[in-house]
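Working notes, beginning with the structure itself.
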Amino acid sequence: MSYYEILGGRPLSGSLAVHGAKNSVLPILAACLLSPGQSVIHNCPDLSDVSATMDILRLLGCRVEREGGTVTIDASALSRWDIPEHLMREMRSSVIFLGALLARLGTAELSYPGGCELGPRPIDLHLSALRALGAEIWEEQGALCCQGRGSLRGRELCLSIPSVGATENAMLAACSCPGLTTIVGAAQEPEIVDLQNFLQAMGAKVVGAGTPNLTIEGGVPLHPAEYRVMGDRIAAATYLCGVAAAGGEAEVTGVSPDTLTAVLACLEEAGCTLHTSADSIVLSCDAPLRGINPVRTAPYPGFPTDAQAILMAALAGGEGVTLFVENIFDSRYRHVDELRRMGADIQIAGRAAMVSGVGRLHGAAVRSTDLRGGAALVVAALGAEGTTKVGQLRHIRRGYQDFDKNLRALGADIREVP
Ligand code: UD1
């Protein structure tokens, strides 16, 4: 199994363009099912989660081709509405096909989704939203069967938690529901806005994304569309935290700083200097990072849970104390044991983690525990003294394209050892 070998302590410099957002491209590719014909999606990152999504589309009967960052999906002739277990296990977000298949064919059959190990990740909100729209859903031999032919109708939905996935599933299904659907308590993440923009490009009447109230006038005919996916704000946050950990000055482009307000505020408080333009961020850091006010993860526009491990890794090698509170997922401190191998001083009590900066981490042999946890270990290694080996790269490949190559371009000493 291959691993990254990273010799830390080299300041980073230069500029890199972040790839398209993983969490946007997955629902957007699923949304291509909503209309027969050929949609063209630009800025599609080459990630294992995206390949898995393309495999699912092919299995359903789509013609799918990639040329560089552009993926073409011809959804004219769907031949199936079921997704077998081995494809569903690849990633949790495959549950998004429930709403998309219901919208296009009125029927879907999926096994329970897999994905990152972040504690229990139920899909009850997805199912109750689809049921409220008129779908009948039952379990049969470990598979979820959904039937909505002739019974789907627009109506008001209330989400008790602003779930990103449940909001997206409800948006897709509602596009085919005659009448008006309102989603109250919707997730406000920028990726929801990106999905809305794509659906609008297909002719859908969806408004309100980015606020807690979404409105969809369903049943209008949709057509294929050409669309460019937004930049990946979590990949951008990762590279910025890498520069903060290692020191130096670097620019990330292709991402709107407005989507990263909470993360940028923390980096600034920790002593980094930031300059932003409409689609780029320059970060410079020439002193050890300071401890900052408590970082509490929250739905957007709060501090993103996906950046928790990454910022923690940077601060663990700084100076001063920072309290983290993880409010979104139950089991999202699995990277902490690995950071401790690098000399980090982190105490966990339930949802809280107290990070006491040790001045400098040291190299060690560590393993990625999940996607962002793995990226966090690389961030820590960039600032650490000596050599770190990061194993279990399959987690990192779910969300970062050319991770080592991009970091080398910034001057990092990182290589993949097969
Ligand atoms: C999405 C992102 C993921 C990010 C997360 C939170 C994608 C592909 N993934 O995941 O990177 O970490 O948002 O920003 O976009 N919940 C329920 N019942 C449900 C659904 C969710 O209780 O039916 C709970 C979850 O357990 C969690 C919270 O709601 O505690 C938020 O989850 P959700 O927003 O749904 O996350 P995902 O869409 O899975």
Side-chain angles (χ1 to χ4, degrees), residues 20-31 45 47-50 52-53 56 88 90-100 110 112-132 137 144 157-173 183 185-195 209 212 229-230 232-238 259-260 262-263 296-311 325-335 351 370-376 395-396 398-400:
K22 170 179 92 73
N23 289 352
S24 275
V25 75
L26 303 179
I28 286 173
L29 288 175
L47 306 171
S48 57
D49 271 11
V50 176
T53 307
I56 291 174
M88 289 298 295
E90 290 273 308
M91 54 168 189
R92 176 191 156 80
S93 36
S94 41
V95 71
I96 193 69
F97 281 98
L98 212 49
L110 271 60
Y112 274 97
C116 261
E117 295 298 325
L118 303 179
R121 292 183 80 169
I123 55 167
D124 55 311
L125 297 173
H126 300 240
L127 302 186
S128 55
L130 298 177
R131 283 195 176 109
I137 304 180
L144 273 178
L157 306 174
C158 289
L159 295 180
S160 54
I161 302 173
S163 156
V164 175
T167 302
E168 292 167 346
N169 244 330
M171 282 168 85
L172 295 184
I183 308 177
Q188 302 175 55
E189 267 68 1
E191 292 77 12
I192 304 279
V193 178
D194 218 24
L195 177 61
V229 173
M230 65 179 269
D232 195 311
R233 62 194 169 102
I234 305 300
T238 307
T259 63
L260 274 169
V263 176
R296 300 173 202 280
T297 65
Y300 192 84
F303 189 91
T305 174
D306 285 352
Q308 174 255 106
I310 292 156
L311 179 66
V325 184
E326 173 55 57
N327 292 310
I328 306 295
F329 292 112
D330 286 340
S331 195
R332 213 165 190 182
Y333 285 138
R334 288 158 40 111
H335 51 281
R351 293 187 168 275
D370 56 80
L371 165 56
R372 305 305 170 186
H395 291 297
I396 296 180
R398 289 188 45 224
Y400 296 88

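Order of appearance sets the numbers: ligands from 1, and atoms from 1 within every ligand.
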Going from [atom1] on [X] to [atom2] on [Y], what distance comes out if it is rounded to the nearest 0.5 angstrom?
X      : Y      : atom1 : atom2 : value
Ile96  : Leu110 : CD1   : CG    : 11.0 Å
His335 : Gln308 : NE2   : CD    : 4.5 Å
Ile137 : Leu130 : CD1   : CG    : 5.0 Å
Ser94  : Ile56  : OG    : CD1   : 5.0 Å
Arg372 : Ile396 : CZ    : CD1   : 10.5 Å

**OP:** Grab the two heavy atoms, one from Ala100 and one from Asn169, that are nearest each other, plus how far apart they are.
**Re:**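 The answer is N-OD1, 4.5 Å.
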
Under a 4.0 Å heavy-atom limit, does [X] contact ligand 1 with its side chain, its backbone, both, or neither?
X      : answer
Tyr300 : neither
Ile161 : side chain
Leu127 : neither

Regarding ligand 1, does [X] bring an N or O atom to under 3.5 Å of one of the ligand's N or O atoms?
X      : value
Leu125 : yes
Ser163 : yes
Pro122 : yes
Glu168 : no

Under a heavy-atom criterion of less than 4.0 Å, does [X] contact ligand 1?
X      : value
His126 : yes
Ala187 : no
Arg332 : yes

Original post:
Under 4.0 Å from any heavy atom of Thr305, which atoms of ligand 1 are there?
Top reply: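 So the atoms of ligand 1 that pass are 6 (C), 12 (O), 14 (O).
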
Subject >> Atoms in ligand 1 flagged as close to Gly165, the criterion being non-hydrogen separation under 4.0 Å >> reply: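 Close to Gly165: 35 (O), 38 (O).
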
Original post:
Are any side-chain N or O atoms of Glu326 and backbone N or O atoms of Ile328, one a donor and one an acceptor, separated by less than 3.5 Å?
Top reply: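 Checking the backbone N and O of Ile328 against the side chain of Glu326, a donor-acceptor pair under 3.5 Å is found.
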
Subject >> Test item: Asp194 side-chain N/O and Met230 main-chain N/O as donor-acceptor pair under 3.5 Å >> reply: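 Yes; at least one donor-acceptor contact below 3.5 Å.
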
Subject >> Closest candidate by heavy atom, reference atom 4 (C) of ligand 1, pool Asp306, Asp124, Ile328 >> reply: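 Result: the heavy atom closest to atom 4 (C) of ligand 1 is in Asp306.
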
Original post:
Any side-chain heavy atom of Met171 within less than 4.5 Å of one from Ile192?
Top reply: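 Touching, per the 4.5 Å side-chain cut-off.
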
